[in-house]
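Data first, discussion second: the structure below is written as structure tokens.
Small disclaimer: the values here were computed from a predicted structure and weren't measured.
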Number of protein chains: 2
Amino acid sequence: MNVATDTRSRIIAAAKPRFHSRSYANVGIQEICESAGVQKGSFYHFFPSKRDLVMAVIDEFADEWAHGFVAEAFDPALPPMERIDYLVDAAYFWQKSIKQVHGRMLGCIFGNLTLEVSTQDDILRAKLLAIFSRAKSRFKATLEEAVAAGTIAPLDADLTAEAMLAYLEGVILLAKSQNDPEVIYRLGPAIKTLRVEKAA
Amino acid sequence: MNVATDTRSRIIAAAKPRFHSRSYANVGIQEICESAGVQKGSFYHFFPSKRDLVMAVIDEFADEWAHGFVAEAFDPALPPMERIDYLVDAAYFWQKSIKQVHGRMLGCIFGNLTLEVSTQDDILRAKLLAIFSRAKSRFKATLEEAVAAGTIAPLDADLTAEAMLAYLEGVILLAKSQNDPEVIYRLGPAIKTLRVEKAA
DNA sequence: ATGCTAGTTGACCGTTCGGTAAAATGCAAG
DNA sequence: CTTGCATTTTACCGAACGGTCAACTAGCAT
């Protein structure tokens, strides 16, 4: 069982950076297997299909974020609005370090996959949507706390949270188009100027 | 020459909706040729490579926008800030009509392609970057006009323009993840709340 | 020791991929 | 009437694609 777990996670470990740095369609099972030192038949013992692999990869990225930067950023000890700054900073430093190692800005794997596959695979789209939905909830709770604390004027927390998430993804997209994480540094802080007023 | 032009444009016409609704990697030359009623050898007479085709497709989309919605939105007769509203509205109605016909929200082809290929093909990335750069210029000029007219308080027009473009792309991304153009309707108007202050 | 099962192997499936080359066709200018 | 060029056709290339299958191995419980 330990060996089994190891093979499975070696496959995922080989797939992660590839899906992140290229695209879903551009990464083949064969390449992943070679890199993981696993036979193709063995791959299909653990994953019924390529889609199931990428779902596992999505989960791993999500967990990594949830227990890493996101947990740090949304620390209840921090003043609410500073959490958002922290998150944007984290995105910036992460992309910057990736570029230093890899030579390229890879962007957000959830955004990347969303635009690539969501017209072709509703199951993947739903998976990605769930990730975004959780992210939005974090923003929303933070905004509600900030409003309650009087840090910011009352607003529509739900829509503003969604707007902030959209902005973050958009900034990362633009940064990727320039292959330059500094775009995140320059544009990121403006996230706090976004506001959707409460409906009358 | 007329026949030649026709073949070439039939190829592009077949390729456009496919690249828009699926992805670069997922659309094959063969399929495009079949749909256009063109032989593969004939395809390679007009396009040296698949990449050259997608560049032509990008140009067509860019022209279509530039002479359509964008020209309408950035009408100098309109008050500057209303132009931005107009553009967001145009994006909304366009995506909505696409969904009515096609059943899916396809999003922005420039954003889609950017996230898919920009780590793998610097020439395509540069092409897409140029598109974004022009779009940003439109926003910037509009913002400068609004500041000059006293409609909005002075700000860093360059960075705010970039932020607005990022936000628009992000909103479309999120809408695509939900396969729902109404997201653009709900979040779009908040674009005007974005501000980057002038550096001291 | 035997039988069951999870895991592994490597060969194989048909299909599609982007791209090539040579021969055939159509057409227009000299 | 012929030369020359742009266009088109057809057949083909090697490689890669996602996925399947039957045979084999190893470990563990009865």
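- Screening residues 142-157 of chain B for side-chain hydrogen bond (donor to acceptor under 3.5 Å, both in side chains) gives B/Arg83-B/Glu145 as the qualifying pairs, with residues at least two apart or on separate chains.
- If you take NE2 of A/His45 and C1' of C/dG10, they are 16 Å apart, rounded to a whole angstrom.
- We find that CD of A/Gln39 is positioned 14 Å from C1' of D/dT25, with the value rounded to whole Å.
- Cluster partners of A/Leu78, by chain and number: A/Tyr86. The rule joins Ile, Leu, Val, Met, Phe, Trp and Tyr whenever side-chain heavy atoms lie under 4.5 Å apart.
- Residues from residues 49-58 of chain A with heavy atoms under 4.0 angstrom of DNA chain D, sorted by number: A/Ser49, A/Lys50.
- At a threshold of 4.5 Å between non-hydrogen side-chain atoms, the residues B/Arg186 and A/Val196 do not count as touching.
- C/dT9 atom P lies 11 Å from atom CD1 of A/Ile11, rounded to whole Å.
- Non-hydrogen atoms lying under 4.0 Å from DNA chain C are contributed by nothing in residues 112-123 of chain A.
- Applying the salt bridge (charged side-chain N to carboxylate O under 4.0 Å, His left out) rule to pairs touching residues 115-132 of chain A yields A/Arg51-A/Asp121, A/Asp59-A/Lys127, A/Asp122-A/Arg125, A/Asp122-B/Arg104, sequence neighbours excluded.
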Distances for protein N or O near nucleotides 22-25 of chain C N or O, under 3.5 Å:
none

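- Between the side chain of B/Arg195 and the backbone N or O of B/Pro154 there is at least one donor-acceptor pair closer than 3.5 Å.
- In this structure, A/Tyr44 does not reach the D/dT20 phosphate: none of its side-chain N or O atoms is under 4.0 Å from OP1 or OP2.
- For B/Ser21, the side chain to side chain contact (heavy atoms under 4.5 Å, CB included) criterion is met by B/His102, B/Leu106, not counting sequence neighbours.
- Ring pair A/Phe139/A/Phe74 is perpendicular by interplanar angle, where above 60° counts as perpendicular and below 30° as parallel.
- When hydrophobic residues (I, L, V, M, F, W, Y) are linked wherever their side-chain heavy atoms come within less than 4.5 Å, A/Val101 remains an isolated member.
- For the pair B/Leu53/B/Ile12, a side-chain contact is recorded, criterion being any heavy-atom separation below 4.5 Å from C-beta on.
- For the segment residues 18-31 of chain B, the set of residues with a heavy atom within less than 4.0 Å of an atom of DNA chain C comprises B/Val27, B/Gly28, B/Ile29, B/Gln30, in numerical order.
- Here the CZ-CZ distance, from B/Arg22 to B/Phe19, works out to 9.5 Å after rounding to the nearest 0.5 Å.
- Note: CD (A/Glu34) to P (D/dA16) measures 9 Å, nearest angstrom.
- Between the side chain of A/Tyr167 and the backbone N or O of A/Ala190 there is no donor-acceptor pair closer than 3.5 Å.
- A search for salt bridge (Lys or Arg N to Asp or Glu O under 4.0 Å) contacts involving B/Glu72 returns nothing, not counting sequence neighbours.
- Rounding to whole angstrom units, CZ of residue B/Phe46 and P of C/dG19 are separated by 17 Å.
- Each end of the helix from C/dA1-D/dT30 to C/dG30-D/dC1 gets its own axis, taken as the rotation carrying the C1' atoms of four end pairs onto the next four within a five-pair window, and the two axes meet at 10° to the nearest 10 degrees.
- In this model, a side-chain donor or acceptor of B/Lys40 finds a partner on the base of C/dG18 within 3.5 Å.
- Residues passing the salt bridge (Lys or Arg N to Asp or Glu O under 4.0 Å) test with A/Asp85 are A/Lys192, sequence neighbours excluded.
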Decide yes or no on side chain to side chain contact (heavy atoms under 4.5 Å, CB included) for A/Phe47 and A/Met55, but give the supporting numbers first.
CA-CA 10 Å; A/Phe47 300 97; A/Met55 296 239 259; over 6 Å; no
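- Note on ring orientation: taking the six-membered ring where Trp is involved, the planes of B/Phe61 and B/His20 are perpendicular (angle over 60°, cut-offs 30° and 60°).
- Neither OP1 nor OP2 of D/dT7 sits under 4.0 Å from any side-chain N or O of B/Thr7.
- If you measure from atom CZ of B/Arg8 to atom C1' of D/dA6, you get 15 Å, rounded to the nearest angstrom.
- Salt bridge B/Asp158/B/Lys136: present, at least one basic N to carboxylate O contact under 4.0 Å.
- If you measure from atom CZ of B/Phe43 to atom P of D/dT8, you get 13 Å, rounded to the nearest angstrom.
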